[in-house]
Amino acid sequence: MFNRLQQKWKVNGLQVALILCTFAIGGSLTGYVGRKLMNLFDIGPEWLWIVVYIILVTLLWPLAVLLVSIPFGQFRFFVSYLKKMGKRMGIVNRESETGIPEPVRQIAIFASGAGSNAQKIIDHFRGNGRVKIALIVCNRPEAGVLKIAEKEGIPALLIEKEPFFRGNAYVPALKEKNIDLIILAGFLWKIPVALIQAYPGKIVNIHPALLPKYGGKGMYGQFVHAAVIAAGEKESGITIHYVDEHYDHGDIIFQAVCPVFSEDTPELLAKRIHELEHKHFPVVVEELLLRMA
Ligand code: GRF
């Protein structure tokens with residue numbers, strides 16, 4: 001059940017625990033304050049008491065969970081959770097089909113390889129007037145992702161080592177394109193500090209294993225899967241996380257798990273992992289855009 005909630009809410013395990021605590025304490029607080037208020041008004045017949053109590057509790061509950069979510073560090077989650085509930089009930093206006101608020105969000109996808117994740121993200125937002133894949137950034141002229149950019153009519157930027165690591169990390173070029181969010185989808189160079197500082201909390205990576213295990217320098221592609229199999233792990237998965245100065249290290253946004261079988265080869269496991277990535281990565285990106293104020 002824990003895993004299902006993690007996938008449904010697109011959060012990590014610790015966050016699920018904090019969210020459940022917020023629900024429990026927020027619910028109790030609502031009941032407590034509701035009863036206190038009811039004692040103030042001496043309402044007559046039993047049925048009227050119940051009706052007024054239900055209305056009161058319904059109004060109090062969002063305030064209570066928002067309040068309790070602050071010390072638990074889950075305020076942003078509950079703001080978007082309540083917004084979603086409001087939309088479902090028709091109380092809050094739908095800003096768009098997807099609920100992503102104006103203005104148009106511009107995404108840059110950084111990739112070094114085939115670009116199957118990039119393709120899934122492009123497909124996911126196709127026809128969405130509020131999200132634009134504005135740029136594909138790549139460091140390898142022969143990478144498949146550049147063909148995808150060409151086919152999709154998305155501008156591509158082929159970057160070089162020197163200006164990326166020792167220069168301005170192409171920050172002006174990204175700012176010029178009004179990039180709001182950077183998605184690393186199989187991008188093999190470490191992100192320089194200049195870029196992290198220019199996009200604080202706006203750079204997201206996907207890693208084909210369950211971090212913090214099997215991450216760090218040299219842990220990419222088949223090397224990750226070979227290490228997972230060699231260690232005799234029974235489970236592997238994907239991690240979507242914010243990017244900081246260290247390899248595969250920033251705060252985890254989302255994880256999903258898949259089995260590792262005794263007969264697995266790195267190729268077989270890679271296929272299973274790719275399926276997980278394709279299923280979840282675009283949805284998590286959309287959730288992140290929703291949370292971006
Ligand atoms: C993915 O497995 C991703 O987790 C890793 O690199 C791979 C990229 O695959 N960082 P693709 O180029 O998107 O097909």
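Indexing begins at 1, ligand by ligand and atom by atom, following the structure's order. Remember, it's a predicted structure, so these values are computed and weren't measured experimentally.
The two residues Ala143 and Gly113 have their closest heavy-atom pair at CB-O, 3.6 Å.
In this structure, a donor-acceptor pair under 3.5 Å is present between the side chains of Asn117 and Glu277. A side-chain donor from one of Ser116 and His278 sits under 3.5 Å from a side-chain acceptor of the other.
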Show the distances, to 0.1 Å, for all pairs joining an N/O atom of ligand 1 and a protein N/O atom that are shorter than 3.5 Å, listing one pair per line.
{"residue": "ligand 1", "atom": "2 (O)", "partner": "Glu277", "partner atom": "OE1", "Å": "3.0"}
{"residue": "ligand 1", "atom": "2 (O)", "partner": "Glu277", "partner atom": "OE2", "Å": "3.1"}
{"residue": "ligand 1", "atom": "4 (O)", "partner": "Glu277", "partner atom": "OE2", "Å": "2.3"}
{"residue": "ligand 1", "atom": "9 (O)", "partner": "His274", "partner atom": "NE2", "Å": "3.2"}
{"residue": "ligand 1", "atom": "10 (N)", "partner": "Ile206", "partner atom": "O", "Å": "3.1"}
{"residue": "ligand 1", "atom": "12 (O)", "partner": "Ala114", "partner atom": "N", "Å": "3.4"}
{"residue": "ligand 1", "atom": "12 (O)", "partner": "Gly115", "partner atom": "N", "Å": "2.8"}
{"residue": "ligand 1", "atom": "13 (O)", "partner": "Ser116", "partner atom": "N", "Å": "3.2"}
{"residue": "ligand 1", "atom": "13 (O)", "partner": "Ser116", "partner atom": "OG", "Å": "3.4"}
{"residue": "ligand 1", "atom": "13 (O)", "partner": "Asn117", "partner atom": "N", "Å": "2.8"}
{"residue": "ligand 1", "atom": "13 (O)", "partner": "Asn117", "partner atom": "ND2", "Å": "2.9"}
{"residue": "ligand 1", "atom": "14 (O)", "partner": "Ser116", "partner atom": "N", "Å": "3.1"}
{"residue": "ligand 1", "atom": "14 (O)", "partner": "Ser116", "partner atom": "OG", "Å": "2.5"}
{"residue": "ligand 1", "atom": "14 (O)", "partner": "His274", "partner atom": "NE2", "Å": "3.1"}

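Sorted by first then second residue, the salt bridge (Lys or Arg N to Asp or Glu O under 4.0 Å) pairs that include residues 148-175, not counting sequence neighbours, are Arg126-Glu152, Glu162-Arg166. Residue pairs satisfying the salt bridge (Lys or Arg N to Asp or Glu O under 4.0 Å) criterion with at least one member in residues 132-147, sequence neighbours excluded, are listed as follows: Arg140-Glu142.
Annotation: ring-ring contact (aromatic ring centres under 6.0 Å, His included) contacts of Tyr53 (sequence neighbours excluded): Trp49.
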